[in-house]
Amino acid sequence: MQCLSPRPRFLVADDVRPLATLVSDLLREGGADVVALAADGAEALRMFRETEPDGVVLDIEMPELNGFEVLRAIRASERGSDCLVIMLTSHSEPSMREQAYADGADHFLNKTTEFEQLLRIVPDFRERHGG
């Protein structure tokens, strides 16, 4: 996939707004643009379809649709295989990580211990995809 702009465009979905804002700030610091913030899974899926982002950061536990349901819907969509999906969650159970990768996540990060890896992922993504 070739990014259409020099800075990859991201959607952030988390029902805790201060955390979504913090994630957005980290993505911008890493060289991305944040095109939308979603507070629940249904809104995330709608915004994914409307904004066609290059990447999505998903929480797992959200109202309406959970992060796994959103991830599966993204992967089933026409653009889904081209989109970078990062699951960012407070869960650290191996079964959650396994489920995320089985459903097609590119990365699974724990909010408390791996949060700042977002700063590494965005530049790597830009380099690999021509941004």
Side-chain angles (χ1 to χ4, degrees):
M1 173 183 77
Q2 181 83 10
C3 290
L4 299 178
S5 64
R7 294 171 59 93
R9 301 166 62 248
F10 273 79
L11 161 65
V12 176
D14 197 306
D15 57 324
V16 179
R17 182 60 82 172
L19 187 56
T21 301
L22 184 58
V23 169
S24 298
D25 292 345
L26 269 179
L27 289 169
R28 288 183 184 107
E29 187 177 333
D33 288 328
V34 176
V35 295
L37 296 177
D40 64 58
E43 183 179 31
L45 197 51
R46 181 179 54 78
M47 289 181 167
F48 173 79
R49 292 176 179 137
E50 290 175 5
T51 64
E52 298 186 345
D54 300 307
V56 178
V57 178
L58 288 173
D59 186 19
I60 290 177
E61 290 189 28
M62 294 185 291
E64 303 296 325
L65 299 172
N66 68 42
F68 292 126
E69 293 168 315
V70 176
L71 171 60
R72 287 190 294 269
I74 287 172
R75 290 301 186 224
S77 72
E78 188 175 320
R79 286 198 64 250
S81 63
D82 290 339
C83 185
L84 175 73
V85 179
I86 303 166
M87 303 300 282
L88 183 65
T89 179
S90 58
H91 290 281
S92 59
E93 300 89 4
S95 62
M96 295 291 243
R97 185 177 297 270
E98 291 165 11
Q99 183 66 51
Y101 286 125
D103 287 346
D106 295 295
H107 298 278
F108 183 97
L109 303 177
N110 182 277
K111 288 178 182 178
T112 57
T113 61
E114 300 171 304
F115 188 78
E116 291 192 357
Q117 285 190 32
L118 286 172
L119 288 171
R120 177 188 51 81
I121 291 170
V122 173
D124 288 351
F125 178 73
R126 289 177 63 197
E127 185 177 306
R128 283 193 316 253
H129 297 287

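The figures that follow rest on heavy atoms only: side chains count, while hydrogens, waters and symmetry mates do not. Residue indices begin at 1 and follow the sequence shown.
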Quiz item: In the single-linkage hydrophobic clustering (I, L, V, M, F, W, Y; side-chain heavy atoms under 4.5 Å), do Ile86 and Ile74 co-cluster?
Solution: no
Practice problem: Find the distance between CG (Asp82) and CZ (Arg75) and round it off to the nearest 0.5 Å. | Solution: 9.0 Å
Exercise. Group every Ile, Leu, Val, Met, Phe, Trp and Tyr by side-chain heavy-atom contacts under 4.5 Å, then state whether Val85 and Val70 land in the same group.
Key: yes
Quiz item: Among pairs that include at least one residue of residues 83-99, which meet salt bridge (charged side-chain N to carboxylate O under 4.0 Å, His left out), considering only residues two or more places apart or in two chains?
Solution: Arg97-Glu114
Exercise. State plainly whether the residues Arg7 and Asp54 are in salt-bridge range, i.e. N to O under 4.0 Å.
Key: no
Self-check item: Flag side-chain contact, heavy atom, 4.5 Å: Asp15 against Asp40
Solution: no
Quiz item: Which value, rounded to the nearest 0.5 Å, describes the distance between His91 atom NE2 and Glu61 atom CD?
Solution: 3.5 Å
Exercise. Would you check if Phe68 and Met96 make a side-chain contact, meaning some heavy-atom pair closer than 4.5 Å?
Key: yes
Quiz item: What are the two closest non-hydrogen atoms of Ala13 and Ala44, and how far apart are they?
Solution: CB-CB, 3.6 Å
Practice problem: Output yes when a side-chain donor or acceptor of Arg9 lies under 3.5 Å from a complementary backbone atom of Glu52, and no otherwise. | Solution: yes
Quiz item: Just wondering, do Leu27 and Val12 contact through their side chains at under 4.5 Å, heavy atoms?
Solution: yes
Quiz item: Is any side-chain heavy atom of Met87 closer than 4.5 Å to a side-chain heavy atom of Ile60?
Solution: yes
Quiz item: Hey, any chance Leu19 and Met47 share a hydrophobic cluster, counting ILVMFWY side chains that come within less than 4.5 Å of each other, even indirectly?
Solution: no
Quiz item: Is there side-chain contact between Ser24 and Leu37, with at least one heavy-atom pair below 4.5 Å?
Solution: yes
Quiz item: Taking Phe10 as the fixed residue, which of Val35, Val23, Leu84, Asp33 is the one that meets the side-chain contact (heavy atoms from CB on, under 4.5 Å) rule?
Solution: Leu84
Quiz item: Taking the side chain from Arg79 and the backbone from Arg49, do they hold a donor-acceptor pair closer than 3.5 Å?
Solution: no
Quiz item: Given side chains that start at C-beta, do those of Leu45 and Glu64 come closer than 4.5 Å, heavy atoms only?
Solution: no
Quiz prompt | Closest non-hydrogen atom pair, Ala100 against Leu71 | solution = O-CD2, 3.6 Å
Quiz prompt | Closest approach of Pro53 to Cys83 (non-hydrogen atoms, all atoms of both residues) | solution = O-SG, 3.9 Å
Quiz item: Is a side-chain N or O of Asn110 found less than 3.5 angstrom from the main chain of Thr113, in a donor-acceptor match?
Solution: yes
Quiz prompt | Minimal non-hydrogen separation, Leu58 against Gly67, with atom names | solution = CD1-O, 3.6 Å
Quiz item: With a 4.5 Å heavy-atom cut-off, do Asp14 and Lys111 have their side chains touching?
Solution: yes
Quiz item: Under the side chain to side chain contact (heavy atoms under 4.5 Å, CB included) test, which residues partner Glu69, sequence neighbours left out?
Solution: Leu65, Asn66, Arg72
Quiz item: Could you give the distance from CG (Leu88) to CZ (Phe108), rounded to the nearest 0.5 Å?
Solution: 9.0 Å
Quiz item: Going by heavy atoms in the side chains, are Ile121 and Leu109 under 4.5 Å from each other?
Solution: yes
